[in-house]
K.L.:
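My questions will all concern the structure given below.
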Amino acid sequence: MQKLNQRNLADKSSEWIDHKHNFSIERYDRDSVQPGIVHFGVGNFHRSHQAIYIDKLLGQGYLDWGIIGVSMRSAKIRDALKPQDFLFTEVTLGNKIEFRIIGSILNILVAPENPAAVINQIADGKIKLVTTTITEKGYYLYSGQLDGNHPDIVSDKSCLENPRSIYGYLAAAIIQRSTYKGPPLSVLCCDNIHDGGTKIKTGVHILLEKHSRVAHEWAMENVSFASSMVDRVSPATDGVLKQLVNSTLGLEDAWPVAGEPFTQWVIEDNLIGLRPALDQVGALFTVNISLYEKMKLGFLNAGHSIISVLGYLNSRAMVHQALEDPLILEFVQKALHENFLPVTEVPKNCRAEDYIVEVMQRFQNRALPYTVQQVNNDSSQKIQQRWFQNIDSALAKNIDTKLMSFVIAAWVLYVEKALDRGDLCDPQKDSFVEAYENDSEPVKQFLIIAGADGFFFSNHASFMNDVLYLYKKIKCSDIKSAIRQFLSEHLLEEEETSYP
Ligand code: CS2
């Protein structure tokens, strides 16, 4: 089978357009596209989200917003897409299946192979915007703040020759850009991080202050840092997707991506200099980005992690399968309504109850093979952003937090079971192994490893007593029996407290 690439695409696509209504492609001259964006983290999420919006923007004639991707670890994605001229297929998996060929990525640099090429690319005046999808662990956060003692950060503080972190690459590039007083540069966080723009700004300015006061002052006026709320559930690519794409296109795509029909991009209106007209292709610019972030992290991502921990303990592989169990569905609904809704302010044009209904429907999309392990990966980094602040806020409002005590207890047991089975994927794995070897009931230690000690709940006696009690109950039972008993007792308590 011929490979997907520019030449083979030109021969094929007129055939597709005429005969396949579920296929689309933006009609722009790709050779005229100029790079305007450097994106860190060319994973499936980026290629099924931002890269689609930019492809549509190019289709509207804005040809100086092409993407130069940067892979910070592996050459795999570059090696897969380079023979395809960096074209790839994006598939929407919903009631109907739709295919798009995406051409917005012009090149992919592999940072460890040539750090200077990445720095030079960002320093180039044609680049107006840097975006990031480097996952939670890429920000080196502990208890929600930058861990200045992490070896990568320590290394970047001492030398920017071969940066180890996103902060190091950006600082080195800004120093270079400031030497010729280049055009303004915007940096936009596209990860599930609260106030991600400020997190990046903090790390970059610490390094600029250390390495170049001149560049630090230049950056104050010429570099802006913004946050965004990005949303589309995009599963890892499997053989089924590849087979579907290749048989449909009649061309071989080495790494197609897929996603659900829903997509949303809300961008903080704080981009300096030239700004891509993303509002013309479905994105929303707002000054209230924090409310959108809190809504998405506090309902969608928090719920995703609760479902996936309980689903794993209930031996379900997929998120939608986990929710086929009425007990888990009921538990997650109660947790979101009783512990997250009362403490999560949403944007004026949104209604929290409706958002929860929509999110739960999206999670039950059987066409989307999203595994619980994909959500559970890096859970020590994710639950800091998704659960901890909400638990503190609920305790501060004297809301009954037993549901979240149960969730924390279940998460500890998830880590234990994943370690026992050898399938824990987490940057803190070694610390979890050591804690588990030294203590058969490592509740407190696991929470400290996950950065909980910076949060009020981890020292709240009543909350932690509930966690320990429920941990022991779940450990000597199975998750469904434990949920059933918990919910019946919880309901009883509610009835007792609701009677005058
Ligand atoms: C998921 C997110 O894997 C995970 O952690 O919760 O990737 C989620 O699918 C996206 O944030 C949805 O927008």
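Indexing begins at 1, ligand by ligand and atom by atom, following the structure's order. Values below: every heavy atom of this structure, side chains too, minus hydrogens, waters and symmetry copies. Position 1 is the first residue of the sequence, and the numbers go up from there.
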K.L.:
Just by distance, no angles: are the side chains of K397 and S393 close enough, under 3.5 Å, to form a donor-acceptor pair?
P.N.:
no
K.L.:
Tell me, which protein residue and heavy-atom name are nearest atom 6 (O) of ligand 1, and how many Å apart are they?
P.N.:
H304 ND1, 2.7 Å
K.L.:
Does NZ in K201 sit with more than 12 non-hydrogen atoms of other residues, nucleotides or ligands closer than 6.0 Å?
P.N.:
no
K.L.:
Taking the non-hydrogen atoms of N377, is any one of them nearer than 4.0 angstrom to ligand 1?
P.N.:
no
K.L.:
Identify the closest protein heavy atom to atom 11 (O) of ligand 1: which residue and atom is it, and at what distance?
P.N.:
K296 NZ, 2.5 Å
K.L.:
If you count the atoms of ligand 1 from 1 in the order shown, which ones are under 4.0 Å from a heavy atom of Q374?
P.N.:
3 (O)
K.L.:
With atom 13 (O) of ligand 1 as the reference point, say which of N376, D231, D378 has the nearest heavy atom.
P.N.:
D231
K.L.:
Looking at L300, which atoms of ligand 1 are within less than 4.0 Å of one of its heavy atoms?
P.N.:
12 (C)
K.L.:
Could you check whether the rings of Y169 and F40 sit parallel, tilted or perpendicular, using 30° and 60° as the cut-offs?
P.N.:
tilted
K.L.:
Quick one: does NZ or CZ of R164 land under 6.0 Å from the six-membered ring centre of Y140, within 45 degrees of the ring axis?
P.N.:
no
K.L.:
How are the rings of H490 and F486 set relative to one another: parallel (under 30°), tilted (30 to 60°) or perpendicular (over 60°)?
P.N.:
parallel
K.L.:
For the 3.5 Å polar cut-off, considering only N or O atoms, please tell me whether S234 and ligand 1 meet it.
P.N.:
no
K.L.:
Under 30°, 30 to 60°, or over 60°: which ring-plane class applies to F299 and Y355, parallel, tilted or perpendicular?
P.N.:
tilted
K.L.:
Decide, yes or no, whether a salt bridge links E416 with K475 under the criterion of side-chain N to carboxylate O below 4.0 Å.
P.N.:
yes
K.L.:
When you look for heavy atoms under 4.0 Å from ligand 1, do you find them on the side chain of R386, its backbone, both, or neither?
P.N.:
side chain
K.L.:
May I ask you to identify the nearest protein heavy atom to atom 7 (O) of ligand 1, giving residue, atom name and distance to one decimal place in Å?
P.N.:
Y370 OH, 3.2 Å
K.L.:
Starting from atom 2 (C) of ligand 1, find the nearest protein heavy-atom neighbour and note its residue, name and distance.
P.N.:
N301 ND2, 3.7 Å
K.L.:
Thinking salt bridges, do K199 and D191 make one under a 4.0 Å N-O criterion?
P.N.:
no
K.L.:
For ligand 1, which atoms have a heavy atom of K382 less than 4.0 angstrom away?
P.N.:
3 (O), 4 (C), 5 (O)
